[in-house]
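No experiment lies behind these values; they were computed from the predicted model shown. The residues of the chain are indexed from 1 along the displayed sequence. Ligands are counted one by one from 1 in listed order, and the atoms in each one are counted from 1 as well.
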Amino acid sequence: MVDPEKHIFPDEDALADFALSVWEAAARASTGTGKFTVALSGGKTPVLLYRKLASRPDLPWRETIVFFADERLVPGDHPWSNFRLARETLLEKISLPPGNVHPAATGKGSPEAAAENYEIILRRHFGETGKTAPVFDLVLLGLGEDGHTASLFPGSRLLQEETRWAAAEVSPAITPPRITLTLPIINRAAGVLFLVSGRNKAEVLKRVVEDRDPALPASLVRPVSGRLIFAVDRYAAQCLRVHDRL
Ligand code: 6PG
């Protein structure tokens, strides 16, 4: 596993500009292969990136295939829907063929059925790319104050998952149920980009980036051979070693 890269920015705007540059480089690098496959995260932090992406019609959108790192099991127009957020801030503002977007929850059936369905879609997509293993070109992730990422929560049985690529998180503590990509598929990515902002993330970010605390799901994101990038603002970076903050 490669060491995580750390990039610290003065504010959310600079953070989003950096994320945009990572996205653009990954998208352009994939151009020759005909497909740029990305997983979007939910949460508030990527919204500025999505808005910046929406003003870049020059990016190779026809080749861009969009999946979601996780989703709440709600209808696609629900305020809690990650798909809704991405649609309103990015997807409906660019020329992306509708077939290029794969929402994780359709609002029908059980959480387990929704996860199985998402896995079928993932396997079909990666089968068509001709790759023997699923390789996202880029996975965007956020970090929760409890160390969760995507919908992989501390103590969840999903952290032990070895074969499935998508799974349902169903627990009385987490409502509504969620669909999430699992560690085996996230860790096959060519690039994983965490976007973290705010003082409230400072302690947990240190435990993930420096201590690699295995109790925290975000610490278990360790791409086998891809890049692992933490892009954080200076508020979230407050507990990192001083030389990392300079
Ligand atoms: C979600 C994400 C979740 C998120 C983190 C950080 O849909 O909420 O799955 O993992 O990325 O909770 O969220 P913020 O960016 O809002 O801090």
Side-chain angles (χ1 to χ4, degrees), residues 9 11-13 15-16 18-19 23 38-53 66-91 102-105 107 111 114-115 118 136 138-156 158-159 161 165-171 173-183 185-187 189 192-209 216-221 228-238:
F9 298 94
D11 53 39
E12 283 188 80
D13 195 58
L15 179 68
F18 172 78
W23 177 298
V38 62
L40 302 184
S41 78
K44 293 185 294 296
T45 316
V47 167
L48 200 48
L49 166 64
Y50 296 163
R51 292 194 199 286
K52 286 178 188 275
L53 283 165
V66 175
F67 286 89
F68 287 79
D70 72 323
E71 184 58 281
R72 294 166 184 81
L73 217 71
V74 292
D77 56 356
H78 192 281
W80 295 344
S81 163
N82 288 342
F83 170 66
R84 180 200 56 78
L85 180 79
R87 177 168 48 74
E88 290 178 356
T89 55
L90 171 62
L91 303 175
H102 301 289
Y118 209 42
F136 273 102
L138 184 64
V139 175
L140 296 179
L141 292 176
L143 176 66
E145 282 182 60
D146 60 355
H148 82 261
T149 191
S151 286
L152 298 167
F153 290 89
S156 169
L158 298 185
L159 303 179
E161 183 59 50
W165 297 352
E169 176 56 71
V170 183
S171 143
I174 295 159
T175 51
R178 303 201 188 190
I179 309 295
T180 187
L181 298 184
T182 57
L183 290 166
I185 189 168
I186 293 173
N187 284 336
V192 175
L193 173 60
F194 276 90
L195 297 178
V196 187
S197 77
R199 176 67 185 88
N200 58 327
K201 305 287 177 67
E203 281 84 10
V204 72
L205 181 70
K206 178 198 178 294
R207 288 175 61 202
V208 169
V209 172
L216 303 180
S219 302
L220 305 178
V221 174
L228 175 58
I229 309 168
F230 285 88
V232 313
D233 71 6
R234 66 192 170 100
Y235 307 103
Q238 273 177 17

Exercise. Is there a donor-acceptor contact under 3.5 Å from the side chain of T89 to the main chain of L85?
Worked result: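 A pair under 3.5 Å: yes.
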For this session: Using atom types as modelled and distance alone, determine if a side-chain donor or acceptor of Y118 lies under 3.5 Å from a backbone N or O of H102.
Result: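 Indeed, once roles are kept as given, a pair shorter than 3.5 Å links the two residues.
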Problem set entry | Residues that A236 engages under side-chain contact (heavy atoms from CB on, under 4.5 Å), provided they are two or more places apart |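 A236 satisfies side-chain contact (heavy atoms from CB on, under 4.5 Å) with V196, K201, L205, V232, D233 only.
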For this session: Under the side-chain contact (heavy atoms from CB on, under 4.5 Å) rule, collect the residues that match up with D11, sequence neighbours excluded.
Result: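 Listed in chain order: D13, A14.
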For this session: Hey, can you tell me if F68 and F83 have their rings parallel, tilted or perpendicular (30° and 60° cut-offs)?
Result: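 Perpendicular.
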Exercise. Can you list every salt bridge (charged side-chain N to carboxylate O under 4.0 Å, His left out) pair that touches residues 67-78, not counting sequence neighbours?
Worked result: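 Residue pairs passing salt bridge (charged side-chain N to carboxylate O under 4.0 Å, His left out), neighbours aside: D70-R178.
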For ligand 1, what N or O to protein N or O distances fall under 3.5 Å?
residue, atom, partner, partner atom, Å
ligand 1, 7 (O), R72, NH1, 3.1
ligand 1, 7 (O), R72, NH2, 3.4
ligand 1, 7 (O), N82, OD1, 3.3
ligand 1, 7 (O), N82, ND2, 2.9
ligand 1, 8 (O), R72, NH2, 2.8
ligand 1, 9 (O), D70, OD1, 2.8
ligand 1, 9 (O), D70, OD2, 2.3
ligand 1, 9 (O), A150, O, 3.1
ligand 1, 10 (O), H148, NE2, 3.4
ligand 1, 10 (O), A150, N, 3.2
ligand 1, 10 (O), A150, O, 2.8
ligand 1, 12 (O), H148, NE2, 2.8
ligand 1, 15 (O), K44, N, 3.2
ligand 1, 15 (O), T45, N, 3.0
ligand 1, 15 (O), T45, OG1, 2.5
ligand 1, 16 (O), K44, N, 2.7
ligand 1, 17 (O), K201, NZ, 2.6

